[in-house]
Structures are given as structure tokens and as C-alpha cells.
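This is a predicted model, so every value here is computed, not measured.
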Protein chains: 2
Amino acid sequence: MNLSVAEENYIKAIYKLQEGEQAVTTNALAYELETKPASVTDMAKKLKEKKLISYEKYQGITLSPEGRKTALQVVRRHRLWECFLVDKLSFSWEEVHELAEELEHVRSEKLISRLSEFLGNPVIDPHGDPIPDANGRMAKPRPQTSLDQANARRLVVTAVSDQSSALLAFLNAKSIKLGTQLEIIAHYEFDNSIEIKVKHQPAITISEQVAKNIMVRPL
Amino acid sequence: MNLSVAEENYIKAIYKLQEGEQAVTTNALAYELETKPASVTDMAKKLKEKKLISYEKYQGITLSPEGRKTALQVVRRHRLWECFLVDKLSFSWEEVHELAEELEHVRSEKLISRLSEFLGNPVIDPHGDPIPDANGRMAKPRPQTSLDQANARRLVVTAVSDQSSALLAFLNAKSIKLGTQLEIIAHYEFDNSIEIKVKHQPAITISEQVAKNIMVRPL
DNA sequence: AAAATTATTTAAGTTTGTCTAAATAATAAT
DNA sequence: ATTATTATTTAGACAAACTTAAATAATTTT
């Protein structure tokens with residue numbers, strides 16, 4: 001099946017939002033793709049026609065088996081390019097998403113298998129997310145949570161969900177990046193701020209707002 | 001200026017056809033881009049509006065200085081990706097064109113400068129064509145001619161202009177590839193066929209049709 | 001359970017890049 | 001210098017992916 005860039009982006013977004021099983025709503029998808037609900041409805045009809053999703057009016061969207069397979073191919077391409085950009089071109093992890101977003105739409109089995117080989121067939125990308133293999137199989141995603149909901153004491157930073165440059169600059173200033181190990185010192189209940197410590201750095205206090213956008217997993 | 005993929009392809013094709021100075025005709029451009037003359041006229045109006053070309057009804061098209069700059073950026077991206085595919089992913093020179101055709105449209109100064117650096121800032125691509133630098137400067141193109149028009153005796157293969165798999169298979173069978181050194185043994189005037197010899201191979205006779213599609217330069 | 005709110009869909013219109021068919025201009029042939 | 005041919009442009013339409021505004025369905029609130 002030959003999909004347009006827009007169609008691939010819808011499939012990928014549905015995959016991301018579906019997260020397990022429940023149907024994806026029109027609104028959620030519109031928000032994710034920065035488009036309007038009416039556009040989502042239009043596209044849903046088209047993707048249903050192509051048997052990539054199941055969709056009934058007012059009932060939300062779920063990927064069909066073919067849809068899931070397609071999604072995994074796009075995810076594989078995206079994550080392999082991220083590896084390339086970080087490992088070979090020395091980009092930092094927060095820069096690569098947008099570029100990979102474009103590179104992922106170059107559809108060529110051969111290109112992707114050669115790229116994977118060139119990178120040493122990596123199984124996780126620079127954000128710590130697993131890379132599907134050519135058959136769509138991958139390790140189960142790490143149990144990430146946002147920092148404000150973490151219950152373990154010692155944690156590793158796995159991603160930053162908000163890509164705004166303000167947040168990235170803040171994290172940069174505090175030497176917090178992918179793979180940084182943190183220790184939670186205290187929760188302050190009156191404003192839900194969190195005091196954390198990075199090795200060799202003074203302890204710092206982080207607002208709930210910031211904590212919500214830092215993804216971590218237990219060490 | 002933010003150009004669409006289609007616009008970039010037009011600019012690149014105009015650059016390719018302009019070859020020196022003379023204006024590009026509507027028909028030639030339509031043929032090159034595998035589209036219809038009417039579509040070319042439409043696009044010409046748009047590109048003129050954006051000041052990338054000069055164009056007057058029935059007078060053909062030439063790139064403006066900005067247009068040329070844009071074209072060189074696209075050519076730079078294309079040729080760097082070709083280097084990457086051949087040098088790092090072990091593609092053969094005849095496979096890379098289509099892939100580079102897609103990769104070239106990922107517009108990021110930083111990506112391209114990093115890629116160039118990663119490749120060791122190459123100045124010629126796998127087809128022997130010069131790669132423009134970040135400022136659009138490049139070595140002057142090699143004096144290629146098609147094999148049927150070559151006047152020197154000893155030649156190097158620099159490109160194959162027809163990308164059909166039939167021709168590529170033929171060349172493969174005869175061990176002729178980019179960089180192969182040939183010697184012209186004889187021209188047969190009755191059908192313009194050419195007898196050539198590759199080192200360590202028996203001499204072979206090539207039709208005019210084939211010779212027209214093999215680009216060479218004097219050794 | 002009715003009213004209010006929110007979510008979703010439909011209808012109609014836009015833009016980009018294409019197309020076909022018809023009209024016009026430029027060039028070549030007699 | 002007409003006529004014929006070829007090249008180019010215009011006009012009108014189409015598909016993809018989007019938009020806004022209005023209509024309808026689903027969900028929540030009271």
C-alpha cells in the first residue's frame with residue numbers, strides 16, 4: 001500500500017495515542033497532529049477505506065492489524081534516523097525529533113535495513129525507546145512516568161515531552177539530559193514542587209509544571 | 001523562502017537544463033519532470049512571483065540569482081546524500097539517485113553541514129559530479145560526453161544517463177560501472193556501433209543506443 | 001429527565017499541484 | 001506569404017489535505 005506523508009503521520013499518531021487498547025478520539029488526534037477535528041474525520045474515512053483502521057461514527061479509532069504494521073514501520077524508520085543523527089552526526093537528543101520526523105517518510109526497505117546495519121542494529125533509540133525490527137517486533141517499552149508521578153527515589157531521565165526551547169534551555173543550564181541520574185530529595189505539597197539532586201550538582205527545586213514534562217524510569 | 005518539494009524539483013530541473021546560459025523551454029521542462037506543459041506554465045508563474053526565475057510568456061525560463069542559489073543548495077543536499085548512501089551504506093552508484101531524490105528535500109542547514117563533515121567534506125559525488133559547498137561554490141563540472149560522441153581513445157565511465165534496469169543489467173553483465181576504464185577499438189559507421197575493450201575482458205560491441213546513454217570523460 | 005456542555009460530523013470552500021481540451025502564438029514548410 | 005506544424009498558454013476540473021461554520025450526537029450537570 002502506498003501511503004502519503006499525511007496518512008503515515010495519522011497512522012503513527014493513532015499508534016502513539018492508542019497505547020495498549022482503547023480507541024482514540026477525534027479530538028485527541030486533532031490535538032496531537034495540530035489540526036482540526038473536521039480534518040481528522042475526513043482522514044478517518046479515508047484510512048478506514050484503506051483498511052488501516054477501524055472506525056465508526058462517534059466511536060473513535062483503532063488501528064487494524066495492517067495499520068499497526070504500518071505504524072511500526074514508521075516508528076522503526078523514525079527511531080533509526082534518530083540513532084543516526086545522535087550517534088553519527090553528533091546531534092543532541094533534544095534536536096533530533098523534528099529531523100527524524102521528515103526522514104522517516106523516505107520509504108525504502110533497503111535503505112532502512114542498510115541504515116540499521118550501519119548503526120549496528122540498535123534496539124533502543126537515543127530517547128530510550130525500543131526500535132521495532134524489520135518484522136515489527138520490539139522490546140516492550142520501558143515503564144516511563146513523568147517526574148511528578150514517579151514513586152521510586154533514584155531515577156534516570158528518559159525523555160522530555162515538551163519540546164519548547166524554554167524548557168530545554170532550563171534543563172541544559174542544570175546539566176539535565178537524557179540518561180542523567182536523579183535523586184528525589186523531597187516533595188513539597190503546597191505547590192507540588194520537587195527537590196531533586198543530580199550527582200556533583202547542588203540540589204534544585206523544580207516546579208510541578210517542569211516535573212510533568214520530564215519523563216523518567218526507576219534506576 | 002520556504003519552498004515546497006514540487007517547487008524545489010522545478011528549480012533543480014531548470015538548473016540542470018539551463019546548463020550554461022540559454023533559456024529552458026516549457027516543453028523540455030515538462031519532459032524532464034514527467035509532467036505536462038500546462039503544469040509547467042502554472043508553476044512558472046508561481047516561481048516568477050517568488051522571484052526565483054525570470055519568465056515571460058513564450059520566452060522560456062532562466063533562474064534568477066536567488067533561484068540559482070536555491071538550486072545549488074538542493075544539488076548539494078542531493079550529492080551529499082549520494083555520497084552517504086554509497087560510502088557508508090554500501091549502495092552501488094546506480095541505486096542511489098532515487099533515494100537521494102527524496103532525502104534532498106529534508107531542509108536543514110545543520111543536518112547538511114554535519115552530514116558533509118561526517119563524510120569528510122567530499123567535493124565530488126559517486127557519479128563524479130562536483131558538490132557545491134555551503135556557499136554554493138563548486139569545482140567546474142567534468143567535461144563529460146556520451147560515449148558515442150567521445151573523441152579520445154581511453155575513457156572513464158562517469159555516469160549512465162538512462163536509469164532503466166535493462167541497461168543497468170547489461171552493463172553489470174559486462175562489468176562496466178562508474179570508474180571503469182574503457183578503450184575504444186573501432187567505430188562502425190554503417191550502424192554507429194562501437195567496439196570497446198575493458199581491461200581483462202574480451203572486446204565487446206555496443207549499439208549506438210547504448211553508447212548514447214553511457215557518459216564518459218577522457219582519461 | 002431536561003438543559004447545558006462538549007465532541008463529532010457534515011457541508012461548503014481554499015490551496016497546491018496536477019490534468020485535459022481548446023485557444024493562441026511561434027516556427028517551419030511549401 | 002500563406003499554410004501547416006509545433007509550442008505554449010488559458011480555461012475549467014480534480015484530488016488531497018486542509019479550513020470555518022453549522023448541524024447533530026453524546027455526555028454531564030442540575
Nucleotide N/O of nucleotides 7-10 of chain D paired with protein N/O under 3.5 Å:
residue	atom	partner	partner atom	Å
D/dT8	OP2	B/N27	N	2.7
D/dT9	OP1	B/Y55	OH	2.5
D/dT9	OP1	B/Y58	N	2.8
D/dT9	OP2	B/T26	OG1	2.9
D/dT9	OP2	B/T41	OG1	2.9
D/dT9	OP2	B/Y55	OH	3.4
D/dT10	OP1	B/K57	NZ	2.9
D/dT10	OP2	B/K45	NZ	2.7

Exercise for the section: Considering only NZ, NE, NH1 and NH2 on the basic side and carboxylate oxygens on the acidic side, decide whether B/K12 and B/E32 come within less than 4.0 Å. Expected result: no
Problem - Distance in angstrom units between A/Y10 OH and D/dA16 P, rounded - result: 14 Å
Exercise for the section: Give a yes or no on whether a salt bridge exists between A/E66 and A/K50, defined as a side-chain N under 4.0 angstrom from a carboxylate O. Expected result: no
Practice task
Specify the separation, in whole Å, of atom NZ of A/K36 and atom P of C/dT14.
Solution key: 17 Å
Practice task
Identify whether the distance between the nearest side-chain nitrogen and carboxylate oxygen of B/R107 and B/E8 falls below 4.0 Å.
Solution key: yes
Completion exercise
To the nearest angstrom, the CD-C1' distance between A/E49 and D/dA15 comes to 15 Å
Handout entry: Residue pairs, two or more places apart or on separate chains, that pass side chain to side chain donor-acceptor pair (under 3.5 Å) and touch residues 53-64 of chain A
Key = A/K48-A/E56, A/S54-A/T62
Practice task
State, to 0.1 Å, how close B/A44 and B/I53 come at their nearest heavy-atom pair, and which atoms those are.
Solution key: O-CD1, 3.5 Å
Problem - Between C/dT16 (P) and B/N9 (CG): distance, integer Å - result: 17 Å
Handout entry: Protein-nucleotide distance (B/E7, atom CD; C/dT15, atom P), rounded to Å
Key = 15 Å
Donor-acceptor pairs are to be reported for all side-chain atoms of residues 109-117 of chain B against protein atoms at under 3.5 Å, with residues two or more places apart or in another chain.
residue	atom	partner	partner atom	Å
B/K110	NZ	A/E95	OE2	2.3
B/S113	OG	B/E109	O	3.4
B/S113	OG	B/K110	O	3.1
B/R114	NH1	A/L89	O	3.0
B/R114	NH1	A/S90	O	2.7
B/S116	OG	B/N121	OD1	2.7

